[in-house]
Amino acid sequence: MNRFRNVLGELLRYPSAIIGSLVVFMLISIAIYTLIKIPYREAIRLWRGGEDVWYQNPKYAAPAWLNLFYTKKQPISFAVSSAKGEMEKTVTPLDQDITTIELKYSFDFQYDEFPQDLLLYFKSQFSEKSPFISISWTTPDGRTIRIGDFAVNRSQTFRFSQDKKLQKRLKTEEKVIPALFSVAGGEEYQTLKGKYQLVITATSFESNADIDAEFVLHGKLYGLAGTDQYRRDLTLALLWGTPVALAFGLLASLGTSLLTMIIAAVGTWYSGWVDELIQRITEINLVLPFLAILIMVGTFYSRSIWVILGVTILLSIFSGSIKTYRAIFLQSKEAPYIEAARSYGASNTRIIFAYLIPRMIPLLIPALVSSVPSYVFLEASLAVLGLGDPVLPTWGKVIENAFTDGALYRGLYYWVLEPAVLLMLTGLGFAMLGFALDRVFNPRLRDI
Amino acid sequence: MTKYTALRLVTIFVTVVIGVYLTILIANMGGYVDTIMRNEIKYNAAQAIIANPANRNLTPEVRERLIQEKIRLEEKRLGLDQPFAIRSIRYLRNALTLNLGYAIYMNSDSGSRQVRNILLERLPATLLLTGTSELILFFVSVFIALSLSRKYGSFWDKLTVALSPTSSAPPWFYGIFFILLFAAVWKILPFGGLVDVPPPQNPIDYGLSVLKHLILPASSVIVSSLFLSIYNWRTYFLIYSSEDYVDMARAKGLSSRDVERRYILRPTLPTIVTNFALLVISLWTGFTITETVFLWPGLGRTLYQAIGLYDTPVIVGSTIIYAYLLAITVFLLDFIYALIDPRVKIGGGSPQ
């Protein structure tokens with residue numbers, strides 16, 4: 001316990017250790033929070049997505065907080081549903097089973113640019129006669145524009161920009177949305193700021209008929225992290241990428257370090273042909289192209305993250321650090337207490353695991369922490385190449401999606417920068433901590 | 001000397017043989033690739049027979065017999081009728097003589113389908129990128145590390161130490177940021193590729209264009225490893241400059257440049273070279289993604305394209321060429337190590 005406190009005290013001398021451990025701590029907390037808040041099955045279901053999961057979001061939307069930096073404010077997306085009571089709903093029964101249902105929603109539009117689209121999703125209940133709907137749009141300067149009149153099915157989507165009658169009415173094919181949000185007349189479309197109101201008047205011809213609508217505005221911005229080409233909220237991938245990256249990095253690093261140390265200990269203790277064999281295997285392993293083999297395994301066999309993890313560990317345990325550990329083990333092999341253990345008849349296994357290895361563990365720790373970033377980046381690298389785990393949302397996956405869709409050419413920088421910054425943060429956090437640990441545990445470097 | 005070289009050569013060669021054989025075993029994936037090939041043969045044979053107008057009048061039984069015969073011949077041609085163990089020896093012999101077979105889909109620029117041509121055509125681009133970045137990295141790091149070791153504790157020293165964790169990110173990572181800044185936002189350097197399109201006819205202009213395209217990829221490789229390299233070598237220099245003989249040399253009145261060159265640099269050289277060679281080896285494998293990000297037409301990018309097309313012969317061929325490159329690097333390292341470290345006896349083992 002005392003030793004531990006000594007180490008801690010020494011560690012806190014280095015500012016890099018403090019920053020590094022803070023970053024690592026933050027990442028671990030995010031990982032735990034994510035695993036609790038969005039369990040695995042839910043995450044996979046959301047990430048697999050599909051139009052019915054993510055339909056409310058626009059495509060390629062940047063994060064909402066970017067508006068703080070823009071001079072020309074961009075519209076933020078939203079969705080309101082009458083079923084959830086977010087729209088004003090008035091039901092007026094008239095005579096003879098005819099009922100008028102009025103859905104009203106007003107919002108304040110203070111942005112300098114136009115939304116991408118407006119959509120209405122209708123769900124109606126009736127037996128035979130479909131209700132009739134009339135939609136109207138009131139602008140801040142008092143104009144009321146008739147949007148559409150039609151009979152509605154049980155489930156229907158109305159897309160403002162695609163409706164032919166509306167296009168004709170506004171005398172434009174592509175600029176329906178700008179026409180709805182700007183001043184009448186004139187060639188230049190400039191946003192008209194103020195309170196807009198959407199009124200849906202429905203007439204139903206049966207006593208039990210009912211209508212609910214969902215009004216969705218696809219702006220240019222959305223949420224905390226933006227969306228991708230499948231309209232998925234990127235915060236899901238960014239949050240869930242954390243436990244995946246950490247798990248992969250820590251497991252690979254732990255597995256490799258422990259196994260390498262055990263192999264070095266076994267080789268040194270038994271010496272003779274065991275030692276020679278381990279040396280030769282290490283040399284062969286040096287010649288095997290690591291990434292190319294991982295690529296082959298991923299392409300031909302399986303892209304599951306556990307398989308990749310296993311192969312990574314397998315290829316990494318016979319690394320050059322065996323030589324370093326071997327040198328140290330050779331030294332400690334001659335220690336008197338080892339001789340004492342041999343004389344009281346301790347078995348070889350006991351000597352290796354109970355005496356040789358525990359002495360090495362302090363030296364193991366900095367190597368372990370420092371190698372975590374390389375494994376995290378390895379997983380991201382494989383994902384960027386298209387060989388990532390097919391179901392999990394990871395940071396590398398987001399970068400791969402961004403690259404395939406040409407995010408950099410299109411100016412969708414947020415898509416690439418968000419996972420990249422997180423990767424960098426993880427790498428830096430562990431590297432800084434590992435660096436400081438190295439200086440504490442490695443006596444040669446202590447004065448430097 | 002020659003005996004040592006020959007011995008080393010043989011050892012490395014044996015290592016390469018075993019490594020390549022392992023690669024072939026893995027590439028077969030326990031018979032999975034065979035299954036893919038067999039299915040392809042069945043499909044192609046059936047298509048060929050049915051599409052042939054001369055066979056239109058034949059009865060289904062006769063056609064079926066023709067298809068089976070064609071399948072049998074194809075399998076014999078590709079050697080699938082023999083068990084994998086025997087075939088793997090043949091693959092091994094082919095791989096070692098660089099007879100890498102024919103690609104399924106890809107073509108080399110000169111129109112050849114041979115995997116060897118496809119890969120060897122791409123090799124110079126990779127060597128250009130690797131060679132340039134690593135040479136610059138080596139000389140810049142050593143130079144800066146030397147000057148830093150003189151000014152131990154200064155601001156620049158502390159800054160380098162603080163920046164060394166940035167090397168945890170691989171080159172392609174910095175590549176993305178560089179492309180973002182220099183190509184997308186500031187538009188002063190190209191997004192990727194080897195030369196401008198269309199390539200300039202004049203060889204001087206061609207060379208200049210290649211240089212312009214080389215800047216970003218080489219910079220990402222250099223920046224990725226720079227600070228860690230400087231930190232490592234500065235540490236070694238500091239350790240070695242605290243030796244007694246250095247003080248003695250200074251007391252003798254030698255100029256500090258002489259002291260540096262003969263008493264500090266020389267002993268550190270073996271360690272530097274070892275570290276550097278390990279760095280080179282790790283870079284070889286990482287190049288696939290760097291080249292992909294920059295659309296650099298090298299070996300790594302070819303591997304990436306082959307993955308996308310499931311072109312097995314090219315994938316296996318690239319892996320084998322990588323194995324050779326690694327073996328050459330290891331061999332050169334041993335050789336240089338023996339040259340510069342007088343403690344290493346030629347013909348004996350290297351120091352543990």
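Numbered from 1 within each chain, the chains take letters A, B, ... in sequence-line order. Predicted, not measured: the structure shown is a model, and the values here were computed from it. Values below: every heavy atom of this structure, side chains too, minus hydrogens, waters and symmetry copies.
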Exercise. For A/Phe25, does the CZ atom sit with more than 12 other heavy atoms under 6.0 Å from it, leaving out its own atoms?
Worked result: no
Okay, B/Leu228 and chain A: the region with an atom under 4.5 Å from a heavy atom over there is side chain
Nearest heavy-atom approach of B/Thr292 to B/Arg301 is CA-CD, 4.1 Å
Honestly, the part of B/Val293 sitting under 4.5 Å from a heavy atom of chain A is both
From the list A/Ile284, A/Val372, A/Leu423, the residue making the most non-hydrogen contacts under 4.5 Å with chain B is A/Ile284
Bottom line for A/Ser16: the part with an atom under 4.5 Å from chain B's heavy atoms is neither
Contacts of A/Asp389 meeting salt bridge (Lys or Arg N to Asp or Glu O under 4.0 Å) (sequence neighbours excluded), chain-then-number -> none
Would you call the rings of B/Phe178 and B/Tyr174 parallel, tilted or perpendicular, where under 30° means parallel and over 60° means perpendicular? tilted
In terms of heavy-atom pairs under 4.5 Å with chain A, the winner among B/Leu180, B/Ile179, B/Val185, B/Ile18 is B/Leu180
Among residues 311-319 of chain A, those lying within the under-4.5 Å heavy-atom range of chain B are none
The interface call for A/Ile399 against chain B, heavy-atom contacts under 4.5 Å, is side chain
So, the part of A/Phe377 with a heavy atom under 4.5 Å from chain B: the answer is both
Rounded to the nearest 0.5 angstrom, the CG-OG1 distance for B/Leu216 and B/Thr290 is 12.5 Å
Bottom line for A/Phe403: the part with an atom under 4.5 Å from chain B's heavy atoms is side chain
Worksheet item: Given the rule in the side chain to side chain contact (heavy atoms under 4.5 Å, CB included) test, do B/Trp172 and A/Val384 qualify, once you have shown the distances and angles that lead to the verdict?
Response: CA-CA 10 Å; B/Trp172 58 264; A/Val384 166; 4.0 Å; yes
**OP:** Show your working on side chain to side chain contact (heavy atoms under 4.5 Å, CB included) between A/Leu246 and A/Phe248 and close with a plain yes or no.
**Re:** CA-CA 6 Å; A/Leu246 284 181; A/Phe248 190 84; over 6 Å; no
When the 4.5 angstrom heavy-atom criterion is applied to A/Leu378 and chain B, the contacting part is neither
Before giving the answer on side chain to side chain contact (heavy atoms under 4.5 Å, CB included), spell out for A/Asp405 and A/Arg410 the whole-Å C-alpha distance, their side-chain angles and the decisive distance to 0.1 Å.
CA-CA 9 Å; A/Asp405 238 38; A/Arg410 290 211 215 172; 3.7 Å; yes
For A/Met432 and A/Val23, run side chain to side chain contact (heavy atoms under 4.5 Å, CB included): C-alpha distance rounded to whole Å, both residues' side-chain angles, the deciding distance at 0.1 Å, then the answer.
-> CA-CA 10 Å; A/Met432 280 161 86; A/Val23 170; over 6 Å; no
Exercise. For A/Ser253 and A/Ser371, indicate whether the former's side chain and the latter's backbone hold a donor-acceptor pair under 3.5 Å.
Key: no
